[in-house]
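The next block holds one structure in the form of structure tokens; read it before the comments.
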Amino acid sequence: QLQLVESGGGLVQPGGSLRLSCAASGFTLDYYAIGWFRQAPGKQRELVARIFSGGTTVLADSVKGRFTISRDNAKNTVYLQMNSLKPEDTSVYYCNALVLISGYNYWGQGTQVTVSS
């Protein structure tokens, strides 16, 4: 059973920080590109960041300089460090595992991030 479980969301004031975690089970990170997506009310789901098995990362322009994606292979976990949070970062954040060969996507259940004063 392949499973992705997100954690670390919550309520934070503008300018604050949160670290999201995506714990993977049923597979290892070597065969997948792991990403973070977010979907705010009334908006399409959008890519925030992605990390490949070799360590290469991709960040959306809107979060460059503020967010960092990383992985811990020993823990089979991917992290999204979010700094200098803005109200527009408010969204449900989803962990995603992309099967590189087939293009199939696995999704976590999502974790709510709310940035508000």
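If you read the sequence from its start, that first residue is 1, and numbering goes on from there. When reading the values below, keep in mind they use all heavy atoms of this one structure, side chains included, and skip hydrogens, waters and symmetry mates.
Between Cys95 and Ile34, the closest side-chain pair of non-hydrogen atoms falls below 4.5 Å. Annotation: side chain of Val58 is in contact with side chain of Phe52 (closest heavy-atom distance under 4.5 Å). Counting heavy atoms from C-beta outward, Leu2 and Tyr32 have side chains that approach closer than 4.5 Å.
When every heavy atom of Leu100 is checked against every heavy atom of Ala33, the shortest pair comes out as CD2-CB, 3.8 Å. The heavy-atom pair separating Pro14 from Ser117 by the smallest distance is CD-N, 3.7 Å. Across every non-hydrogen atom of Ser91 and Ala40, the tightest pair is OG-N, 3.0 Å. For Thr77 against Ala23, the heavy-atom pair with the smallest separation is OG1-CA, 4.0 Å. In terms of heavy atoms, Gln81 sits closest to Ser17 at NE2-CB, 4.0 Å. Contact between Gly9 and Val113 at its shortest, heavy atoms only, is CA-CG2, 4.2 Å.
If you chain together hydrophobic residues whose side chains sit under 4.5 Å apart, Ile51 and Tyr106 fall into the same group.
Judged purely by atom type and a 3.5 angstrom limit, Asn105 uses its side chain to pair as donor or acceptor with the backbone of Gly103. Side-chain atoms of Gln109 never come within 3.5 Å of backbone atoms of Val5 as a donor-acceptor pair (strictly under, hydrogens ignored).
Listed by chain and number, the hydrophobic cluster partners of Leu47 are Phe37, Val92, Tyr94, Trp107, where partners are ILVMFWY side chains within reach of under 4.5 Å, directly or through others.
Interatomic distance, CG of Leu20 versus CZ of Phe67, reported as 8.0 Å (0.5 Å rounding). For the atom pair CG of Leu59 and NZ of Lys64, the computed distance is 7.0 Å after rounding to the nearest 0.5 Å. For the atom pair CG of Leu11 and CD of Gln112, the computed distance is 9.5 Å after rounding to the nearest 0.5 Å. Annotation: the span from Asp72 atom CG to Tyr79 atom OH amounts to 5.0 Å, rounded to 0.5 Å. The distance from atom OG1 of Thr68 to atom CE of Met82, rounded to the nearest 0.5 Å, is 11.5 Å.
Contact check on Lys86 versus Asp89 returns no salt bridge, with no Lys/Arg side-chain nitrogen under 4.0 Å from an Asp/Glu carboxylate oxygen.
For CD of Gln13, the number of neighbouring non-hydrogen atoms (other residues, nucleotides, ligands) closer than 6.0 Å is 12 at most.
For residues 46-56, the pairs satisfying side chain to side chain donor-acceptor pair (under 3.5 Å) are Arg38-Glu46, Arg50-Asn96, with sequence neighbours left out.
A side-chain contact (heavy atoms from CB on, under 4.5 Å) with Leu85 is found for exactly one of Val63, Val12, Thr114, Thr90, namely Val12.
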